[in-house]
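See structure below.
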Amino acid sequence: MGGVKQFLSHFFVTGPFEIGGDVSIGLVSLAILFVLTRYKLWGWLWRNWLTSVDHKKIGIMYMLAALLMLFRGGVDALMIRTQLALPNSQFLGAEHYDQIFTTHGTIMILFMAMPFIFAMMNIVVPLQLGARDVAFPYLNAISFWLFFFGAMLLNISFVIGGSPDAGWVNYPPLAELQFSPGPGDNFYLLSILISGIGSVATGINFLVTILKMRAPGMSLMKMPMFSWAVFATCIDIIFAFPALTIALGLEFADRILGAHFFTLTGGGNPMMYVNLFWMWGHPEVYIVILPAFGIYSEVVATFARKRLFGYTAMVTSLMLIAIASYFVWLHHFFTMGAGADVNTFFAIASMFIAIPTGVKIFNWLFTMFRGRIRMTIPMMWVLAFIPNFVIGGSTGVMLAAAPADYQYHNSYFLVAHFHQVLIGGVVYGMLAGMYYWWPKMFGFILEERFAKWGFWLFNIGFYVCFMPQYPLGLMGMTRRMYTYPAGLGWTSLNMISTVGAFVMGIGFIFIVLNILSSIRHPVKDTTGDPWDARTLEWSLPSPAPHYNFARIPVIDSRDQWWEMKQKGMTKPDDSTPLAPIHMPKNSGKPFIMGVLFFIAGFGFVFNWYVLAGLGLLGVIITLFARSFDYDTDYYIPVDEVKHSEAAFGRS
Amino acid sequence: MTDKDQTIVTSGGHGRFPWSHVIGYIFSLVLTLVALLMVTNHVASGGMLLFVILLLATIQIFIQLFFFMHITEKHGPAYHIITLAVALFFTFAIIAGSLWIMTFTQVSS
Amino acid sequence: MAVDVNHSVVKSADHGTMLEYSTEDGALKILGFWFFLAQDMILFACLFATYLILHNRTAGGPSAMQLFDVPGFAAETFILLTSSFTYGIATFQMRNNRLKSMLIWMGITVLLGLSFVSLELKEFITYVLQGATISRSAFLSAFFTLVGTHGLHVTLGIFWMISVMIQLVKRGLTPVTARKAFIVGLYWHFLDVIWVFIFTVVYLTGVMK
């Protein structure tokens with residue numbers, strides 16, 4: 001009995017926050033189970049969402065997950081800022097603080113930003129290309145469920161076993177068994193390894209979709225800019241994520257097999273981890289920003305009512321950024337001591353990337369110049385992005401100067417820089433995209449009043465929170481310190497920063513209220529084109545029918561839908577006869593595979609190898625089951641298509 | 001450019017006898033054997049020998065790509081060749097970059 | 001895959017229909033697989049880079065020179081190379097619509113693959129019994145992980161190949177089964193390409209000097 005009690009006390013984390021977490025998780029889970037059972041929604045959930053291979057549904061699920069993770073990561077941030085508001089604060093102990101900034105970073109980058117960009121990619125790209133789905137819809141579902149269960153694995157660590165606490169980068173030797181003996185670090189490694197598989201699969205999926213499934217007549221140079229951005233992003237994804245798999249996989253081998261890749265003894269070299277990690281880590285930040293750049297291009301052109309300026313230059317800069325992002329990774333560890341020649345090369349390469357980025361900013365400004373700008377919510381987020389990202393990007397160029405970086409590295413100057421580019425660049429882009437494509441997803445527009453409150457509070461809160469962090473860094477405050485002494489002149493800036501963080505939190509609440517109130521009193525999108533926009537997705541009804549296009553359009557220019565409207569068309573050409581539409585069947589295997597990976601991951605976390613082995617065996621069996629399954633698609637008969645189109649007032 | 005070009009270009013060897021595969025195999029065998037024998041018979045010294053066997057390996061890769069993997073066959077634009085070229089480019093960057101960056105740590109083994 | 005624009009059967013320039021490309025879906029999956037191989041190449045590149053950085057760090061334990069057995073790894077190399085050749089012949093038979101010969105050559109490939117894996121297992125066990133385990137030194141960690149990852153890929157490939165053979169027997173040579181056979185072939189050839197570098201960079205340099 002004593003043994004069981006001991007086990008349970010280590011297995012379940014105890015402490016006021018964790019118990020609060022347990023209670024909330026318990027209550028929310030019960031509430032969900034209650035609603036599903038009371039309204040008999042289990043079948044609906046399984047048939048329409050859990051087994052869906054439809055890119056539109058998968059995109060919505062990614063977006064919901066991202067918003068939930070934005071909440072969780074945001075709460076982590078508020079806890080961090082609360083702890084740092086005053087010197088010598090004991091609100092959080094050192095170890096707990098470490099767990100919180102680790103989960104904050106891991107969640108925000110891997111389980112908030114990544115699903116958000118995947119959401120945008122899924123919802124938009126097939127519609128923009130005139131395609132009926134992505135190249136591999138089944139694989140698309142697998143990508144989502146692997147992400148979801150990977151995220152679940154990390155999130156559960158808070159209450160079971162203990163969260164990782166070695167930073168979102170998880171450097172050895174701290175992350176090795178000697179200094180991080182518990183399961184926490186394993187949660188980090190496995191959750192990311194599992195969801196990483198999904199990310200690579202998404203990269204492959206969208207590359208093939210973009211190269212092979214564009215509507216007839218849509219040459220690559222007629223493709224919308226968001227799809228070009230996704231193309232560049234996916235190139236980065238498939239060539240970067242393997243490095244992460246290896247970095248984390250080798251660290252995992254150190255932890256469970258006693259290997260000596262990054263250990264202090266046995267000939268290991270911890271610095272090799274840093275090298276491998278950032279080989280992924282730098283392309284990763286471009287992976288998250290490039291789709292945001294794509295969104296900005298779409299939104300600016302639509303609401304300036306002008307063609308995007310410099311299409312070719314925009315494409316060239318996207319591709320240059322995508323390739324160049326592979327040659328700068330060392331700037332994350334100038335101070336590791338590689339030598340002046342190495343540092344110089346990477347410093348100059350890092351500064352170079354500012355050039356194509358600058359080209360893009362100028363092109364957005366030139367698009368707006370002499371345009372007739374409509375101040376909608378998406379446009380506001382774009383306008384807010386520009387100064388924010390320019391400042392953040394400029395501090396990036398400062399950091400790229402290797403000798404100067406010896407001062408800035410791992411100080412709050414760095415923290416301010418990356419939050420500015422990640423929030424001001426990526427989050428603003430995702431929010432702009434969410435507002436812009438929301439009608440296409442759900443058939444109604446998000447109302448403006450709460451949205452504006454959310455926008456202003458979040459923006460003002462952002463500057464109040466992060467601008468003080470630049471001088472704090474220059475004054476010497478380093479990153480990842482759980483508290484600081486009084487009398488250094490840091491206190492007032494920290495306090496101001498904390499106030500800003502809470503203002504951002506209130507802004508986020510307004511965004512949530514915005515969504516909830518719009519659901520209650522929806523302003524319907526009756527035409528499918530509420531913004532009078534330019535690209536093909538707006539030629540479809542909102543929300544789009546499950547087969548997307550009744551007839552695949554034929555393309556002859558950029559901004560095809562705009563050109564069609566100029567010629568007086570109000571909907572796509574319906575003169576050609578309909579044909580049966582080939583569609584993939586739903587499947588429960590991706591969801592099941594996610595569960596099996598979760599089981600395997602959970603087993604590995606606690607070194608329960610039988611459980612882990614069974615989970616992996618299950619995955620392999622599911623793979624073979626799919627291989628032997630030949631009944632994977634069907635045809636929508638013409639009558640059904642006619643009926644569906646008629647419901648939208650089309651034929 | 002969507003795939004208006006639906007013709008497929010095939011590599012040779014689709015008649016009576018699989019010539020390309022046999023030629024590829026023989027070349028690969030020879031390249032492997034030469035490398036092996038050069039090393040086991042200490043034909044040259046460190047740096048030079050290393051360069052030669054790496055060269056032989058690289059040649060063998062291209063032999064196998066052409067003769068075994070049907071790399072020149074295509075359905076539409078040759079995206080797969082571009083992909084492989086980019087992958088090779090990044091492979092080189094990763095390995096060369098890592099060696100360059102990490103050599104400062106070679107103190108002892 | 002849900003596009004219904006191009007379901008026409010595709011003809012090659014001068015050789016009749018190539019079955020595995022003949023559906024839109026087949027072409028998509030083959031291109032997707034090339035992207036997967038590109039990604040796998042980066043995976044192995046990182047393992048090679050790690051091996052190159054760590055291969056001299058033997059921590060007083062056994063070195064490559066002491067462990068590697070020339071006939072052993074030479075045999076592994078020739079077996080795997082031959083198996084890549086035999087699968088090429090299987091593909092050739094497929095292109096000429098000879099299902100039975102195709103299955104025979106696939107079977108030979110599987111047998112050669114199994115010999116490769118057993119030789120490699122024997123090699124690993126020999127090292128382990130000498131105390132050269134994955135946890136002995138950084139060199140050995142890097143060696144076992146690089147070569148072991150390749151071996152795992154081969155093992156998975158064997159099972160995959162067998163499953164495709166079963167589907168060929170059950171359903172005959174169709175556009176779908178042809179595409180599956182072609183893709184597993186690409187995978188198999190790719191693994192031999194990786195082995196050429198393992199042979200050169202790990203084994204040959206290990207016994208050099």
Side-chain angles (χ1 to χ4, degrees), chain A residues 129-131 204 207-208 210-223 234-236 238-240 242-243 246 266-276 278-280 283 319 322-330 333-334 336-343 345-346 349 552 554-555, chain B residues 1-11 14 39 46-47 50-51 53-54 57-62 64-66 68-109:
Chain A
L129 299 182
I204 296 175
L207 278 173
V208 178
I210 289 171
L211 286 175
K212 303 284 263 181
M213 292 179 71
R214 284 164 282 131
M218 188 187 281
S219 66
L220 281 171
M221 291 307 272
K222 292 200 180 77
M223 193 164 75
C234 290
I235 293 174
D236 273 13
I238 66 166
F239 289 123
I246 294 302
N269 188 348
M271 291 184 275
M272 187 58 183
Y273 175 90
V274 176
N275 184 43
L276 285 167
W278 287 111
M279 260 196 251
W280 163 79
M319 300 308 289
I323 305 289
S325 73
Y326 281 95
F327 293 96
V328 304
W329 81 89
L330 183 125
F333 49 98
F334 278 134
M336 202 163 83
D341 48 353
V342 177
N343 278 3
F345 171 79
F346 283 98
I552 303 289
V554 177
I555 310 299
Chain B
M1 40 164 178
T2 41
D3 289 343
K4 283 200 201 129
D5 173 22
Q6 293 289 346
T7 53
I8 298 192
V9 177
T10 69
S11 44
H14 292 286
V39 168
L50 183 62
F51 176 75
I53 60 173
L54 282 171
T58 310
I59 296 172
Q60 196 185 144
I61 304 302
F62 282 103
Q64 292 204 17
L65 280 172
F66 280 110
F68 286 174
M69 290 178 86
H70 327 273
I71 192 149
T72 49
E73 284 172 4
K74 60 202 191 83
H75 173 256
Y79 294 128
H80 61 296
I81 298 184
I82 303 171
T83 308
L84 268 190
V86 175
L88 275 166
F89 175 57
F90 283 137
T91 298
F92 172 75
I94 287 169
I95 295 182
S98 298
L99 284 171
W100 189 36
I101 291 169
M102 299 300 294
T103 47
F104 71 100
T105 69
Q106 299 296 48
V107 178
S108 57
S109 43

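Proteins get letters first, then strands, A, B, ... in listed order; numbering begins at 1 in each.
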For this session: Identify the heavy atoms of B:T83 and A:F239 that sit nearest to each other, and give their distance.
Result: O-CZ, 4.0 Å

For this session: Please state whether the side chain, the backbone, both or neither of A:D341 comes within less than 4.5 Å of a heavy atom of chain B.
Result: both

Exercise. Rounded to the nearest 0.5 Å, how far apart are CE of A:M271 and CD1 of B:I101?
Worked result: 12.0 Å

For this session: Give, for atom OH of B:Y79 and atom CG of A:L207, the distance between the pair rounded to the nearest 0.5 Å.
Result: 11.0 Å

For this session: Kindly assign one of parallel, tilted or perpendicular to the pair B:W100 and A:F345, based on the angle between their ring planes and the thresholds 30° and 60°.
Result: perpendicular

For this session: Starting at CG of A:N269, measure out to CE of B:M102 and round the result to the nearest 0.5 Å.
Result: 4.0 Å

Exercise. With sequence neighbours left out, what residues match A:A243 under side-chain contact (heavy atoms from CB on, under 4.5 Å)?
Worked result: A:M279, A:W280, C:C46

Problem set entry | A:Y273: ring pair (Phe, Tyr, Trp, His ring centres under 6.0 Å) partners, not counting sequence neighbours | A:F262, A:F277

Exercise. Between A:F327 and B:A93, which heavy-atom pair has the shortest distance, and what is it?
Worked result: CE2-CB, 3.5 Å

